[in-house]
Amino acid sequence: MNDSTAAAPAATAAPTDYRATLNLPDTAFPMRGDLPKREPGWVKDWESQGIYKRLREARCGAPRFVLHDGPPYANGKLHIGHAVNKILKDMIVKSKQLAGFDALYVPGWDCHGLPIENQIEKTHGRGLPRDEVQARSRAYAGEQIAQQMADFKRLGVLGDWEHPYRTMDRGNEAGEIRVLGKLMERGYVYRGLKPVYWCFDCGSSLAEFEIEYADKASPTIDVAFKAADPAKLAAAFGLSDPDLPALEQDAFIVIWTTTPWTIPANQALNLNPELPYALVRTPRGLLVLAEALVEKCLARYGLEGEVVATTAGKNLEGLQFHHPLADVDPGYARLAPVILADYATAEDGTGIVHSAPAYGVDDFNSCLAHGMKSDQILNPVQGNGVYAADLPLFGGQFIWKANPHIVEALQNAGRLLATSKLEHSYPHCWRHKTPVIYRAAAQWFVRMDEGEGVCTVHKAPGTLRQTALDAIDATSFYPENGRARLRDMIANRPDWCISRQRSWGVPLPFFLHKVTGELHPRTLEFVERAAQLVEEGSIEAWSKLDPAEWLGEEAAEYAKSTDILDVWFDSGSTFFHVLRGSHAGQGHASGPEADLYLEGHDQHRGWFHSSLLIACALEGRAPYKGLLTHGFATDGAGRKMSKSLGNIVEPQSVSNKLGAEIIRLWCASTDYSGDLNIDDKILARVVDAYRRIRNTLRFLLANVSDFDAQADAVPLEELLEVDRYALSRASQLQSEILAHFDRYEFHPVVAKLQVYCSEDLGAFYLDVLKDRLYTTAPKSHARRSAQTALWHITQAMLRWMAPFLSFTAEEAWKVFDGGQTIFTETYWPFTQANEALLARWQRVHEIRDAVNKAIEAVRSAGGVGSSLQANVRLTVNEEDFGLLSSLGEDLKFVLIVSVVELVRGEELAIEVTPSSDTKCERCWHWRADVGADDAHPTLCGRCVSNLFGAGEPRTVA
């Protein structure tokens with residue numbers, strides 16, 4: 001009696017519900033993520049289990065990777081731009097953690113500065129004592145940080161939330177003062193009267209970083225200044241002494257400006273030394289104009305004119321002209337000399353630049369270079385934008401409102417030749433969105449070029465500008481175009497004004513002599529004492545300090561400075577007193593620089609910029625090895641988000657409706673090098689992508705739920721060929737993914753993962769695998785080979801997903817491995833991809849696609865139902881015949897048909913016919929041996945063998 005006969009009695013007792021005999025997939029990993037409800041619980045678990053601390057313990061002694069956090073401002077709830085920034089940082093840190101690095105992330109907050117001070121003034125009124133402003137600002141910032149921190153955690157961001165850094169922490173405030181002291185010692189800091197950007201709403205100077213440009217309508221005026229000595233003017237134009245009076249006309253030099261409000265402060269007239277100027281006879285008098293602009297100017301004035309003589313600008317140097325309002329009020333009875341300046345051009349206007357040195361950097365420098373003293377500079381505009389009360393004609397008026405009055409006064413004086421409106425790009429305060437001016441003020445500066453500083457002890461070699469430019473060359477940029485942007489800003493920026501006239505900030509702890517304005521001789525000593533004082537009692541301690549405590553009898557001679565440091569000095573110095581101070585234990589083992597700074601592209605003029613300058617001033621190098629910039633979040637049409645447009649997408653609302661995981665996947669799948677568009681339609685597509693990935697993951701988990709790798713894994717060399725191919729393909733993909741992660745690229749990873757799930761797995765490998773997984777014996781070599789491959793793929797795929805689909809990867813990890821967190825793991829150690837095997841199966845894949853297309857055509861015509869009902873006659877060339885023949889009987893499982901006939905031919909040809917055999921109730925194959933076993937009349941021979949015999953042999957698929 002043979003084996004099959006012996007098995008027959010047992011077969012009669014077999015169940016007739018053959019579905020129950022299939023190895024159908026099963027998993028605790030649900031199909032629906034239910035993210036909005038479940039994510040908060042996972043966040044709480046991460047916190048209660050101290051996951052970040054466990055990550056540090058898992059990487060103790062490993063090479064470190066430090067992404068230094070550019071601190072968001074502690075004011076207001078998070079917007080989608082914050083979410084983009086923090087998620088990108090989180091994805092990078094997690095990808096480095098999985099790569100085996102001790103990947104540190106200490107979140108930070110920028111706490112000082114005007115916006116918070118404004119909030120306090122709005123809530124509690126102006127005029128509060130300085131210490132009260134500081135106390136209320138500190139409390140307010142703390143409240144804002146608590147809310148923002150909760151929102152960041154909700155986004156799935158892992159970090160040292162128990163020990164963040166805050167610029168208002170006493171240690172950081174003290175560290176910032178010490179940084180100032182070191183810059184002074186190296187000769188970079190000086191005090192001077194100099195035009196700086198000034199915001200009337202801020203009531204303070206602004207840094208270059210705080211300026212943005214927007215269109216503004218300005219009045220233009222052409223104004224005539226009467227010559228004080230016509231004879232000298234005639235001589236300058238080569239005319240003989242009697243010639244000019246004989247013309248019986250007054251002579252004027254004409255300027256053009258878009259800032260009428262600066263006319264009351266005029267002190268000079270600038271001409272280009274090499275530019276030809278013309279003396280033009282007109283009904284309004286003799287006018288001095290740039291020769292190239294005569295025609296345009298006369299047309300603008302509505303005048304006819306004749307050029308009397310021409311001369312180079314250098315020949316007019318030193319000539320003097322009356323202020324245009326000199327005849328209106330004796331307060332303007334002064335002369336404006338002609339001085340030479342290259343920035344006067346014939347591109348527009350009249351070729352003559354009116355100079356109010358208090359309100360323009362070029363004018364200021366030019367006047368000082370020609371002998372004007374700082375105390376001679378007229379500066380009638382006060383910090384609130386109002387003219388000083390003693391200014392003739394316009395005292396007490398706000399400058400923008402004074403413009404038409406000044407134009408009217410010039411008109412009445414007979415000195416206005418033309419006026420119009422000009423729409424042009426103009427600097428604005430990036431906080432208040434209001435126009436700013438240049439205004440001369442005594443301020444503290446960091447010098448970019450050669451010069452002397454206060455309290456210099458050991459002068460740094462080279463200029464700060466050149467040191468910073470060299471540091472940019474040594475920095476990696478992502479994307480690369482950021483290098484040119486930062487370089488241009490450093491190459492062309494003026495000295496950095498680091499002082500502000502506000503209350504809520506780190507003090508410049510100086511004592512200034514009341515008569516001379518000089519620093520106290522012991523300033524550097526006092527700077528360190530101030531740092532110690534602030535370290536013990538915060539900045540409030542300096543505000544309350546009585547100078548007599550430190551200066552004794554000298555106190556009456558000195559004034560304590562009330563200026564604070566620019567907030568960009570706060571955040572720009574954090575590399576020094578955070579990475580090497582408050583969080584020094586989390587710094588580098590290999591060097592002092594952070595591996596990466598990551599912010600929006602606007603930070604080329606902000607945090608990247610200020611950090612670079614301070615680090616180069618202190619240490620001669622950048623504080624970072626790499627800079628990564630991302631675009632802004634915009635709506636689906638690429639428009640800036642605003643309440644008026646109603647296109648704001650709030651991360652809190654998306655998290656509550658769809659889940660933070662969807663925001664993370666949107667962020668990861670978008671090319672952050674440009675702006676990131678988001679709206680409901682875009683998010684709907686992201687949800688679909690998430691579902692496809694989740695469904696693939698669920699299939700993998702379900703089909704290894706009864707697999708114990710320790711007991712059941714098949715040695716890799718004994719796997720079926722298609723399983724070895726699948727692992728080679730996964731290894732190949734992992735190499736690509738890790739290369740993208742190394743370049744901080746995520747959208748190609750998401751794109752490739754989606755294709756992998758849908759094409760490599762869903763449309764091919766898993767499709768081929770289902771029959772083997774479901775119908776072979778549970779512990780058969782064939783099924784365990786498939787499960788071994790799936791187990792390896794799942795190990796790898798969870799790690800690929802983890803940086804961006806963190807909640808889902810963590811959820812799946814607990815089902816798959818039972819471990820506490822996937823983030824203590826490292827990327828899966830695949831063997832190197834077998835290129836020959838990949839090429840071989842790529843061709844099989846192509847032929848299979850062609851077969852599927854042919855079957856689909858027959859199915860659509862009603863010829864067959866499923867592909868398993870099809871018999872396929874496949875004509876292939878010699879090379880493909882050899883390839884497909886090597887798959888043996890398993891070719892039908894690859895093609896998912898019941899019968900395949902291979903035929904040699906010249907080219908690929910596919911013939912599909914419906915099977916005339918019977919469908920097996922269990923495996924759904926159409927086979928001639930269905931019912932061959934009388935005990936199981938609805939089963940095919942392979943199912944009988946798999947259930948009751950030795951099992952069918954599988955060699956390839």
Side-chain angles (χ1 to χ4, degrees), residues 114 118 121-122 125-127 195-206 210-225 255-267 323-334 336 349 353-361 363-364 377-441 501-502:
L114 186 66
N118 281 346
E121 289 182 352
K122 287 178 183 177
R126 288 176 175 255
V196 293
Y197 283 121
W198 191 278
C199 174
F200 303 135
D201 294 286
C202 296
S204 177
S205 60
L206 300 182
E210 299 169 294
I211 296 299
E212 64 184 15
Y213 283 81
D215 287 342
K216 178 181 180 295
S218 296
T220 71
I221 53 174
D222 289 74
V223 181
F225 287 63
I255 66 94
W256 176 88
T257 183
T258 61
T259 56
W261 63 267
T262 63
I263 291 293
N266 172 269
Q267 292 186 269
H323 191 283
L325 297 176
D327 296 339
V328 180
D329 191 288
Y332 293 105
R334 61 177 184 266
V353 176
H354 123 77
S355 178
Y359 307 118
V361 175
D363 294 345
F364 179 87
I377 291 176
L378 301 177
N379 191 7
V381 180
Q382 301 175 107
N384 59 359
V386 174
Y387 287 123
D390 60 356
L391 179 71
L393 302 178
F394 314 108
Q397 296 186 35
F398 186 58
I399 65 167
W400 305 130
K401 293 183 178 179
N403 269 334
H405 300 300
I406 294 169
V407 173
E408 182 181 10
L410 292 168
Q411 178 75 52
N412 293 338
R415 296 294 183 260
L416 185 69
L417 294 178
T419 183
S420 64
K421 289 287 185 182
L422 174 69
E423 189 84 15
H424 61 143
S425 181
Y426 189 86
H428 286 63
C429 171
W430 77 348
R431 294 187 185 91
H432 294 100
K433 313 303 180 185
T434 51
V436 301
I437 68 168
Y438 271 113
R439 177 175 178 266
Q501 292 68 50
R502 304 297 296 186

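Keep in mind that this is a model prediction, so the values were computed, not measured.
In this structure, the separation between CG on Leu422 and OG1 on Thr220 is 6.5 Å, given to the nearest 0.5 Å. Separation of atoms OG1 (Thr419) and CG (Asp222) is listed at 8.5 Å; rounding is to 0.5 Å. Residue Ile406 holds its CD1 atom at 8.0 Å from OG1 of Thr262, rounded to the nearest 0.5 Å. One finds the CG atom of Leu410 at 5.5 Å from the CD1 atom of Ile221 (value rounded to the nearest 0.5 Å). The distance from atom CG of Asn266 to atom CG of Leu378, rounded to the nearest 0.5 Å, is 9.0 Å. Once rounded to the nearest 0.5 Å, the distance linking CZ of Arg439 with SG of Cys199 reads 12.0 Å.
The two atoms that bring Ala265 and Pro380 nearest to each other are CB-CD, 4.0 Å, heavy atoms only. Closest approach of Gln501 to Ser204, counting heavy atoms only: N-OG, 3.3 Å. When all heavy atoms are compared, the tightest approach of Cys429 to Cys202 is SG-SG, 3.8 Å. Contact detail for Gly331 and Pro392: the closest heavy-atom pair is CA-CG, 3.8 Å. When all heavy atoms of Asp363 and Ala356 are compared, the closest pair comes out as OD2-N, 3.7 Å. Taking every heavy atom of both residues into account, Phe225 and Pro324 meet most closely at CE2-CD, 3.3 Å.
Between Trp261 and Trp400, the ring planes lie perpendicular to each other; the angle is over 60°, past the 30° to 60° tilted range.
Considering only heavy atoms from C-beta on, Ile263 stays 4.5 Å or farther from Phe394 through its side chain. Contact check for Val328 versus His323: no side-chain heavy atoms found under the 4.5 Å cut-off. Side chains of Trp198 and Leu206 form no contact here, defined as non-hydrogen atoms less than 4.5 Å apart. Proximity of Leu114 to His432: side-chain heavy atoms (C-beta onward) are separated by under 4.5 Å at one or more points.
Between Phe398 and Phe200, the ring centre distance stays below 6.0 Å.
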Carefully, step by step, assess Ile377 and Gln267 under the rule side chain to side chain contact (heavy atoms under 4.5 Å, CB included). CA-CA 8 Å; Ile377 291 176; Gln267 292 186 269; 4.1 Å; yes
Stepwise side chain to side chain contact (heavy atoms under 4.5 Å, CB included) check, His424 with Thr258: CA-CA 10 Å; His424 61 143; Thr258 61; 4.0 Å; yes
Derivation of the side chain to side chain contact (heavy atoms under 4.5 Å, CB included) call for Glu408 and Leu416: CA-CA 9 Å; Glu408 182 181 10; Leu416 185 69; over 6 Å; no
With side chain to side chain contact (heavy atoms under 4.5 Å, CB included) as the criterion, how do Glu210 and Val436 come out once you've worked through the C-alpha distance, each side chain's angles and the decisive distance to 0.1 Å? CA-CA 11 Å; Glu210 299 169 294; Val436 301; over 6 Å; no
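Legend: residues meeting salt bridge (charged side-chain N to carboxylate O under 4.0 Å, His left out) with Glu212, ordered by chain and number and at least two apart, are Lys433. Scored by the side chain to side chain donor-acceptor pair (under 3.5 Å) test, Tyr213 finds Tyr197 as partners (sequence neighbours excluded). For His405, there are no side chain to side chain donor-acceptor pair (under 3.5 Å) partners at least two apart in sequence or on another chain.
Side-chain contact of Asn379 with Tyr359: a donor-acceptor pair under 3.5 Å is present, judged by distance alone.
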